[in-house]
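These notes concern the structure reproduced below.
Here the structure is a predicted model, which means the values were calculated and not measured. Every chain is numbered from 1 and lettered A, B, ... according to where its sequence line falls, protein lines coming before strand lines. We use all heavy atoms of the structure for the numbers below, so side chains are in, but hydrogens, waters and symmetry mates are not.
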Amino acid sequence: MSELIRISNLRKTYDGKRYVLDGLDFSINKGEIATILGASGCGKSTFLNIVGLLDNFTDGKYLFSETEINPKKLNSYYQYRATDIGFIFQAYCLIDSLSVKDNILMPFLYSGAGITGSVKEAVDALLDSFDMLNLKNKRVSLLSGGERQRVAIIRAIIKKPKLIIADEPTGNLDESNTQLVVKAFRNIAENGTAVIVVTHNKYLSLGMGRTYSLKGGRLYNE
Amino acid sequence: MNSVMQFFYYLNHLIKMATVNKVRFVLTSIGIFVAVFLFSAGKIITDSYYNESLKKINQMSENTLIIDLMGNEELKAELTASDKINCTEVSTLAETKSILSSPIENDRFLTVMAYVHGVSDLNSVMPLVTNDGVFISVPTDLIKGRLISGSDIQSKNPVVVIDSFTESLLFPAESALGQYIEIGVGMMGSSVASDSESTETFKFEVIGVVENSYTAHAARMKLKQEINSSQDDLMTYVSIYCPLTSLNEKFAEMDSNERQLYNFNNSAEYDSFKSYTETLAEVKSRAGNGFSVITKEKLLNDLQGRLSNTRTVLNMISALLCIISGISIMSVTFFSVKERIPEIGIRKAFGAGKLDIAFQFVFEMIIIAVFASLLAVALSIITCKLLEAFLIEILYMAFSVEINFQIIITPLVVGVFEAVICCIIPSLYAAKIKVTDSLRFE
């Protein structure tokens, strides 16, 4: 498996005094799943934001798909987010005023890939696999939590990115929906997409690839 | 094909986002609507009011010069003798003559006075608008019969062309063609014995009827108003056209306003003659018997001068309205940006760059502006048409609203431009919002 991400000696501070991440090393290959556990406030979301090119870092080296990331030019990496990275947020982060279909297709407005007939078929196929085809034109604001999370997952995977970043994807879900999400991640990984999952749920990490815990600003193998 | 689908999908997406917040949509639309409506209505009224005159003046050839002779035979002889190459001379002469005085109802009498225009060529155009209100010849569309011909002029035939208003007054129950108009009829109750010319009347055969000119339309409206009022005796003015040669033959001494029109084929010769007449006018003016030289440029400048004053006032009012509504648009857009910070974060997380965010807000504003501006233009056209009907039917004022492409496009462009300018700052602010901050925004 080829390496997708390599992070060496990553450091991040917000105020110049306290380092949230302090000498963190991490790597993940294509098709691999990595679960990150940690207490609240330990820096999990900060780590994910850096990996997802949403936030800069103070020091260290970050290689994404063999490209070294310059933290001072983060705005120029929006194309990676458009094509290579998919996000699944804890709070779903869907646009309430749009329908399920429009939320899923939204990334295609910026990826440069057109919304072709095959894309629409892929949307239908994914909605069907998540048992949501009948909700395609429904406004997202009218969905339940589980349904919203499924929409968020489909939105992240529809463009077949190289990396999926999931921040507490099952935090608001019941057992059956949680299992659905885990199954979805495994399927995604089998197709060559790397998945990084941050969670409180220790049991979620079981059988989901490598597990790390984030303590003192560093990652440790579990 | 895919690009077309992508474009329409994006457009549909923008329309959804532009209209999702009803309050923002309505408030922004109202701001743009008011400014565009008033600008558009003002423009329609101003342009329509002056357009008729501008059209007539623009029909005039660039190389045409008109001289008001004011009965100055010496001047006429001088001008006739001067060097003119490739020039068509047309003389017109206008004299007021009574042509009908008859009872109408309840012991009231109607007197029809005619501006009798003698022309040597009815195809030459002389513009309608002058500052001193001197009447002139204006050929319009022929309804029936024929116009005055070269042979009528050569043979001094006693024929006339009238407009449809005159026909309705003089021949209400029948067609005017082949009928006769008696020119020089004395007014009821007036003494005409001292004026030898007034005792002699001449019959002219009606050979053609033309469409009403602007003045005929206004006269018709005024007469209608007077008939409906309790005014005792009524008088109205009409225009009739006859060969200059026959008029000169029949009425030897005319206290008239004679005009000479010179139409050159060549601009160099026109410039030379123009320079000569302007110099001559200046010389004669110092001697106390000046005359006026009227060119198309002068007429256009006079009209444009009056029009520009009106337009300046209109534009200032519109600019003020645009500023006020623009401030409102900017405030509403800022409010919208604040409300949509989480959405901005989501879009950026999924690959939207700064320009994508900025353009989205700008394009949404363009959609709202196009909608509001089109509505404003449509309503302003309807309002002006209603005003036209009111002025004609109730106030008996002749006013014709003209709608053209420019009247629709200019206010639309102004509305869209104003909206875009006012939303740039909020859009740039939205573009600069940090992703991590926006995703945490509650």
Practice task
Please test Met17(B) against Ser97(A) for side chain to side chain contact (heavy atoms under 4.5 Å, CB included), starting from the C-alpha separation and ending with a verdict.
Solution key: CA-CA 8 Å; Met17(B) 297 315 299; Ser97(A) 53; 3.8 Å; yes

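- Contact of Ser111(A) with chain B is not made at all, since no heavy-atom distance falls under 4.5 Å.
- Chain A forms the most heavy-atom pairs under 4.5 Å with one residue out of Val435(B), Val20(B), Ile346(B), Asp356(B), and that residue is Ile346(B).
- Going from atom CG of Asp55(A) over to atom OG1 of Thr436(B) covers 4.5 Å, rounded to the nearest 0.5 Å.
- Using modelled atom types, one side-chain atom of Gln6(B) and one backbone atom of Ile115(A) make a donor-acceptor pair closer than 3.5 Å.
- For chain B, the nearby part of Leu94(A) is the backbone; its heavy atoms alone come within less than 4.5 Å.
- Across all non-hydrogen atoms, the minimal contact from Arg81(A) to Lys348(B) is NE-O, 2.8 Å.
- Ranked by non-hydrogen atom pairs under 4.5 Å with chain B, the options Leu98(A), Thr83(A), Ile85(A), Asn75(A) are led by Leu98(A).
- For the set Lys434(B), Arg347(B), Arg340(B), the entry with the most heavy-atom pairs within less than 4.5 Å of chain A is Arg347(B).
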Practice task
Please lay out, stage by stage, how His13(B) and Leu105(A) fare under the test side chain to side chain contact (heavy atoms under 4.5 Å, CB included).
Solution key: CA-CA 10 Å; His13(B) 183 82; Leu105(A) 288 174; over 6 Å; no

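- Using a 4.5 Å cut-off between heavy atoms, Phe108(A) contacts chain B through its backbone alone, with no side-chain atom that close.
- When all heavy atoms are compared, the tightest approach of Phe350(B) to Phe87(A) is CZ-O, 3.5 Å.
- Of the listed residues (Ala156(A), Ser45(A), Gly52(A), Ala82(A)), the one with the most heavy-atom contacts under 4.5 Å to chain B is Ala82(A).
- Both the backbone and the side chain of Asp102(A) come within contact range of chain B, with heavy atoms under 4.5 Å apart.
- For the residue pair Ala349(B) and Phe89(A), the shortest heavy atom distance occurs at CB-CZ, 3.9 Å.
- Atom OH of Tyr78(A) sits about 7.0 Å away from atom CG of Leu355(B), to the nearest 0.5 Å.
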